[in-house]
Structures are given as C-alpha cells and as structure tokens.
Amino acid sequence: MRVYDNLNPMQQEAVFHTEGPVLVLAGAGSGKTRVLTHRAVYLIEEKGVNPWHVMAITFTNKAAGEMRERIDKLVGYGSESVWVSTFHSTCVRILRRYIDRLGYGTNFTIYDADDQKVLMKDICKRLNIDTKVYKEKSFLGVISSAKDELVSPEEFTLRAAGDFAREKQAAVYREYQAELRKNNALDFDDLIVKTVELFQSDAEVLENYQERFRYIMVDEYQDTNTAQFYLIKLLAGKYRNLCVVGDDDQSIYKFRGANIKNILNFEEIYPDARVIKLEQNYRSTGNILSAANLVIANNVGRKAKELWTENEEGEKIDFGQYENGYEEAEHIVGDIQKKVREGRYQYGDCAILYRTNAQSRLFEEKFVVSNIPYRIVGGVNFYARKEIKDLLAYLKTIDNGMDDLAVRRIINVPKRGIGAATLNRVQAYAEEQGLSFYNALRMAEEIPSIGKASIKIRAFVNFIQTMRSKVEFLDVSQLLQEIIEETGYVAELEAEGSDEARARIENIDELISKVVAYEESEETPTLGGFLEEVALVADIDSLQEGSDYVVLMTLHSAKGLEFPNVYLAGMEDGIFPSYMTIISDDPSDIEEERRLCYVGITRAMKDLSITCAKQRMIRGETQYNKVSRFVKEIPRNLLGGMVRQQETRAEAQEPSGQSFRQTASKVKPVFSTRNAYQPKAYKSNSFASSSTDKITLEYTNGDRVRHMKFGEGTVTQIVEGGRDFEVTVDFDRVGTKKMFASFAKLKKV
DNA sequence: GTTAGAAACAATCCT
DNA sequence: TGTTTCTAAC
C-alpha cells in the first residue's frame, strides 16, 4: 500500500471508499487529480477490478491525457483498458457504433459553430425569418440550451404553444434538427443528447455499457449539464459505483448549460452517498489562499468549506492601476522580463489571465516587440481558420457525401466559375427529387436550365469520385496532398504572394503535420478518425507542460491549471465583472463572476499580480472603468504594490489631448521599461504555432529573411543555444533585433 | 461571376 | 477596433 501513504487521510478515504456513490468536494489545489488516479489504481491493484470496468471521464482532452499518463505510470499491467476520455469523445465512440439504431449513419459528421451558423442562416431564409429582427445566433443559443436540458423539438413545440416568439423558435428548432439529420450530421450538443436517447430507447445497448463501466469517476462534476447528468445516471444505474469530484466554488459554466444542482443535490439523488471534503491546499502560498477565501466568502448558498494550507505566507499580492491598457501590458511584460532576468522564473512559469479574448491583443504586441516567447490559448481555433476549414471540407465531402454543408463550401473554392445562380438551381432540383445536394450535382446534366455550368460541375464531381475510390489505398496525408495538388489550393496562395497568403500556407503545412502526427499515433488511422479528432480538439489541449513560453488565456481556460507566477489583468468593473453581469437583474450572475475570480486567484502558486487600467479602448471607444469590486474584497494587508491611493480616488480625469506615451511617466510605477510603446508597423498576423519539431534553419549568416512584423532584413549572427538558435537580424525598417529562431518564424527570401 | 472598398455592426466566457 | 455584409464596378 506504499503508493497511498503519500495521501492525506481525506484523500485516502476518497480512494478507499470504492463501492457505492461518492461525492468528493475538492477545493482548488487540493489534489483531486491525485485522488482520481490513485482511486483507479487502487481499484485495479488492490480490489482486483478488471481495468476494463473502470471509467474516468473529464471535459477536456488535456485533462484526460494527463490522467491517462498518470494511471499508466502507476498501474503495472492492463492500464490501457481503463476508459479515460472526455464526455464528447466517449459519446462519439458509442455513437459510431450504435447510432444506426436511431436512424443515422455511423459515419456522421460533427458540425462546429461555424457550420451551425451557415445552416441556421439557410433555415432562416427558408422560413422567411428576418434575421435583422431575430438573430441566427439567438436561435442557436435557444436550441443549444434546449439540448443541454434534453428538451426535444417536439417537447419544445408543446411547451411553446400560445407564445408567438417561442413558437417561432420551435419551428426553427424542428427544421434545424431535420436538416442535421438530412446531412447525417450532429452538432456538439447532439453528441450527448443522442447518446442519452440511444440509452433510453435501446435497453440492450445500455445494459452493454452498464456492464462495462462498473466503476465510474467524473471529474469537474460542477460543470456537467442536465444531459450529461442523465448520461452518467444511466451508465451508473446498474452498479451505482459512481465517484464524482468537483467544487461548487469553481462552477463557471452556467452559460454553457452547467447545472449547479447536479453537485448541490447529489446527496438527494443518491441518499447513500458518502461525502468527502478535501480542504487542504497544496498549491498556493498563505496570502494567495487567504485572498481567495475572502473573495469567495461574499457568495451565498455555497457548500460550506474553507481551504487551508501549511505553505508559508509568501509574497503579498501585487496590485497596480495604470493609465491605460498599453501601460498595463507594458508593466506586465516588463515584470516578466525582470523576473526571468533575475533568474526567479522561466517564461514557462508565467501566465497572464484575462476575462475576454480581445484583451490578448495588447499583450501579444508587447511580446512580439520584446521578443519574448508566448502562446495564446483560445481565440480563433486553428481548425476554424478559412484555409483549414476548406481543406477539411474536401476531406469531409469525400468521407460523407451527405454533408451538404461541406460540399457547398468547396464547390467553388478554388474558383471554378460555379456561381450562386447555378447552385440555387441545383438546390431546387435536389429538393424536388429528394436528393442530397451532392447527389444532385452528380446528375447535373439532368437539371434543366443549368446549361454549360454542368460541364464545370461534372469536373468537380469526377474529382471527388476519383478521390473516394482512392480512400482505401491512400493514407490520409496522401489524400490531403493530392487534394492540395489537384485543386491548386496552395499554388493559388503562392501566386498571391501577400503576407497573409504566406501565413495561410504555413497553416496548411501545419495541418499536414497534424495529419502525419495522427497517422503515427494511431494503430489504424482512417479518414473518419482524423476528422473526428479534429472536431473534438480544444485549443487548451495543445498546451504542453515543460515548454518555455508565457501563456496567455482567459480565466475560463485557466481552470484546472496552475502557474508559479500569475497576472490577473483588466480587473475593472465592466470588464471583470463583465458589463453584462453588472446590468443583469439576476444577482447570481455576479456570483458566477466571483467564482471565476476565485478560480483566477487560485491558479497562482507563489506570485500573484492584479492589474487594471483607468481608461481602455473597447471596440474603438474609450471606456473609463473603476477598479473591480472583487479587488476591494481583498483586504489591504494582503496587497502590495501601488495600491492605496487608488481606493479613495474618484473617477479618472478627462483625457487630455496628449498621447499615451507622454502621460505615462507620472503614474507608471515600479518597472518603467525603457522602450516606450511603439505603434505597430503592420497588421498583426502572428499565429501561435504548436509544433514542437526540432528546428533546423533554412537560412544562414548573410541571408535575407522576412519577419512577420519587422519585414525584411539581413541575418548578421546566429548563435546556437540548447535546442534553439538565437538569430540576430538587421532589419531594413526597424534596425537590429535578436530573436529565437523557433519563435520568430523567419522566412528566407 | 468576381472583386474591392464602403458601410454597418458588434457586448463575455467554451466542449 | 475588427469583422461581416452590402454595393458597385469590372
């Protein structure tokens, strides 16, 4: 029992109590992942449970990957049969096997937010809905919430009777669902909903999985929505060995349908549940933890618990208010630079957290100019970029001919001279004949009044048919290469020659390497398998530990992570808590923001800095914001830095006509970096790349190279340092800069 | 049918 | 400020 000796008594109880329902209320940094992994190990090694019967379910691939790794390390034999997966991947796996019992094809496609929007637009047009009055997005929101709550189109319709607006939504929902079925596609929410439907309608399938998953563990239980709740309830229905781990204080996904009652009422649904609280925090210093406790204490209706730690008090929390967002960013970047220079931290120890993705831009500019390696998590997903979606649409079309959306996306990309008028005729014909869009294309010659366009369509169809016939013989990567060749997609971009086109080509190269990586990681790689993986990756999944770059992300993305040195930026009323929650008439909205703040504070291990700005540009307008109310909930004695004067201070003054640079010096505290803010030279076009390949340089001393931001220049020096190169370049426009090759992405010209 | 430039418009957070 | 949609001219 050696492994378990490192656990504290509460953790041990959670690990050893294997039979029946268990609720583990695990505060931030209290070692819940350790509990989960050790529990899996205990089941297998001490209780003799077949690994095959053990399931651990999470929300992100990253969390699942970490858990898998740790279980593999601890379990001697058979750990690979433990089912460790996310909710969505789990459901996809089940549906790929059995969804034909619900009348879908098992090669269904998964629609992302973009696809949903395109589809919805189409539906609104068809139902004669004025999208100026009723927005597509609001319909999608309504549908998504309905699905989170397991409300079917039929039930929605019943409930809507008598209410004009609701009836309209019901009609849209019905149409939307019918269209998905026609395209043999599922949206994200459907993955869960359809699995629950399957279990409810097919006792044989349910029984099959109940038998398999005799011991179930659920991570981040406070984030589950109603559909996920039923999914778990059904699965655990037979053996009832269900262990859920969560923290009501970290419930921050109400907007996504998370139902906090799932965790708050667990004991009512499972009266025999054992409840275990983990309250010792191993992550943060005393000061940081006190701040977190005092902030969250302002919420009402929580499960009583208070974190404590044996760690030392540590540094005070550094607070600073700055004139504007630029100075805030400058200070933070300067502070990181300083701490790294002093050897206190590496770049990889530092994280900047903010409320909205838009806030990342200012930091990015500073990092680029300062030549500090950084990585932004979130924002536009790699797989949502135009060029990537185009190529994926080709693969999808080859994989599933019923996915009209994919076909429409690429039929005229690259330009084939097939225009809207022609497509409308094809569409009409398809509807008339009850064909899918693609099948209508195949019969182009039959379609009246389509004329010469049918020749162009024929060429496209032939291409797709040829590719389909090759699926069996070619690897996915070969398939992709051939698509790129035959369509001339990259060639067209090369011809264009703009910076943007070059960036796109880089992305396409990265897509190719991702395909190759997929083929290497999988025993039996398939086209469908790749598309599936792509549909389910989140940006956070690609964050790898041990890489030395500063990480920037939203507070939401940061949940579950920890960093030695954390910055909470933009702590202003109106930003955090957000404007939306301040004007909301539901007071619980503010509480959710406060929980988000709690999550943010508890990410920090040793150093925490809180910053805000007096004025800030939001969508071209200057806003003047007060210091966040959450900051005021932290007592002064825990704060260091330039604090005090701010609290009594009234609103910021009128903006003078001066530029930011000039007003800067008078308020700028501590670390005034020498380089004043430089206006950006070009449109920022940096793409954070996740490739980890060992780099080789395509240029040497004296070569001409191009940098995304600095333009062209001449290489004057290359110094090898570890697994990277430090390159010195004399740029035509901005002078000499030193940078790391892996980060600067220099291109030989 | 395609393109570029102008006008309109937008309010977090995400698997 | 940044992105999407509309319009007009090729």
Side-chain angles (χ1 to χ4, degrees), chain A residues 57-64 85-92 110-114 116-118 121 131-132 135-138 141 144 147-148 186-192 219-220 223-225 227-228 251-258 325 353-362 365 377-381 383-384 386 412-423 452-453 456 496 535-541 553-560 570 574-584 589 592-593 595-597 599-600 616-623 680 683-685:
Chain A
I57 198 156
T58 66
F59 276 90
T60 65
N61 294 299
K62 182 169 188 285
S85 184
T86 65
F87 273 99
H88 295 276
S89 315
T90 296
C91 289
V92 171
I110 301 166
Y111 277 3
D112 66 14
D114 240 37
Q116 288 177 282
K117 220 172 136 201
V118 173
K121 217 170 161 180
T131 52
K132 289 260 151 63
K135 300 244 158 41
E136 294 100 325
K137 253 172 74 184
S138 77
S144 177
K147 288 181 176 179
D148 288 342
L186 301 185
D187 67 19
F188 239 79
D189 301 311
D190 276 343
L191 296 177
I192 315 286
D219 194 14
E220 306 279 15
D223 292 339
T224 51
N225 62 30
Q228 287 156 340
S251 160
I252 55 172
Y253 281 115
K254 192 166 96 182
F255 73 92
R256 195 168 82 179
L353 309 181
Y354 37 75
R355 180 67 233 272
T356 67
N357 281 306
Q359 288 169 260
S360 67
R361 230 196 75 246
L362 291 177
E365 278 174 8
V377 175
V380 221
N381 187 320
Y383 292 104
K386 267 187 230 93
N412 202 28
V413 177
K415 301 272 179 306
R416 295 187 175 88
I418 305 171
T422 309
L423 296 181
K452 282 186 299 216
K456 299 168 186 164
E496 198 183 313
L536 298 178
V537 294
D539 209 28
I540 191 78
D541 298 333
M553 65 186 133
T554 62
L555 289 148
H556 282 90
S557 303
K559 190 160 71 124
I575 297 198
F576 189 30
S578 76
Y579 177 68
M580 301 293 263
T581 55
I582 290 175
I583 58 163
S584 159
D589 285 347
E592 176 137 329
E593 294 279 288
R595 290 194 289 269
L596 190 56
C597 182
V599 167
R616 183 182 293 277
M617 236 0 177
I618 308 263
R619 269 203 309 281
E621 261 180 298
T622 307
Q623 281 186 6
K680 53 179 176 174
K683 204 174 142 87
S684 162
N685 225 343

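Residue numbers start from 1 in every chain, and the chains themselves are labelled A, B, ... in the order their sequence lines are given, proteins ahead of strands.
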Need one value for A:Phe255: base, sugar-phosphate or nothing, where a base atom within 4.0 Å counts as base even if backbone is also close, heavy atoms only. base
Ignoring backbone atoms, establish whether A:Lys137 has a side-chain N or O less than 4.0 Å from OP1 or OP2 of B:dA11. yes
Sub-3.5 Å pairs of nitrogen or oxygen atoms, protein against nucleotides 4-9 of chain B:
none

Spacing of the C1' atoms in C:dC6 and B:dA11 (rounded, Å): 23 Å
Describe the nucleic acid contact of A:Ala421 in one word from base, sugar-phosphate, nothing, applying a heavy-atom distance below 4.0 Å. sugar-phosphate
Given A:Leu555 and A:Phe576, is the side-chain contact (heavy atoms from CB on, under 4.5 Å) satisfied, shown in steps? CA-CA 10 Å; A:Leu555 289 148; A:Phe576 189 30; 3.5 Å; yes
How are the rings of A:Phe59 and A:Phe87 set to each other: parallel, tilted or perpendicular (split at 30° and 60°)? tilted
CG of A:Asn61 versus P of B:dT15: gap in Å, rounded? 9 Å
Here the distance between atom P of B:dT12 and atom CD of A:Glu592, to the nearest Å, is 16 Å
Phosphate oxygens OP1/OP2 of B:dT2: is one of them under 4.0 Å from a side-chain N or O of A:Asn412? yes
Pick base, sugar-phosphate or nothing for A:Thr356, based on heavy-atom distances below 4.0 Å to the nucleic acid. sugar-phosphate
How many Å lie between CD on A:Gln623 and C1' on B:dA10, as a whole number? 13 Å
Compare the minimum distances between each of B:dT2, B:dT15, B:dC13 and the side chain of A:His556, then state the nucleotide with the smallest one. B:dC13
Hey, does A:Asp223 have a side-chain heavy atom less than 4.5 Å from the side chain of A:Lys559? yes
Taking CZ in A:Phe255 as the centre, count heavy atoms belonging to other residues, nucleotides or ligands within less than 6.0 Å. Is the count above 12? yes
Of all residues at least two apart in sequence or in a different chain, which pass the salt bridge (charged side-chain N to carboxylate O under 4.0 Å, His left out) check with A:Glu593? A:Arg355
Across the strands shown, which category fits A:Thr86 at heavy-atom distances under 4.0 angstrom: base, sugar-phosphate, nothing? nothing
Look at all strands and tell whether A:Thr58 reaches a base, only sugar-phosphate, or nothing, counting heavy atoms closer than 4.0 Å. nothing
Flag as yes if A:Phe87 stacks onto the base of B:dT15 (centroids under 5.5 Å, planes under 30°), otherwise no. no
Please determine if a side-chain N or O atom of A:Asn357 lies less than 4.0 Å away from the OP1 or OP2 oxygen of B:dC13. yes
Between B:dC14 and A:Thr554, is there an OP1 or OP2 to side-chain N/O distance shorter than 4.0 Å? yes
Looking only at atom C1', what distance separates C:dT5 and B:dT12, rounded to whole Å? 24 Å
Salt bridge (charged side-chain N to carboxylate O under 4.0 Å, His left out) with A:Asp190: which residues, sequence neighbours excluded? A:Lys147
Under 3.5 Å donor-acceptor pair, A:Arg355 side-chain atoms to B:dT12 base atoms: yes
Can you check whether A:Lys62 has a side-chain N or O nearer than 4.0 Å to OP1 or OP2 of B:dT15? no
Remember a base hit wins even if backbone is also touched, and classify A:Lys121 as base, sugar-phosphate or nothing at under 4.0 Å, heavy atoms. sugar-phosphate
Do the side-chain N or O atoms of A:Thr422 get closer than 4.0 angstrom to the phosphate oxygens (OP1, OP2) of B:dG1? yes
Rounding to an integer number of Å, can you tell me how far A:Arg619 CZ sits from C:dT4 P? 14 Å
Taking the side chain of A:Arg361 as heavy atoms from C-beta outward, which of C:dT1, B:dT12, B:dC13 is closest to it? C:dT1
Sub-3.5 Å donor-acceptor pair from the side chain of A:Asp539 to the main-chain atoms of A:Gly378, do we have one? yes
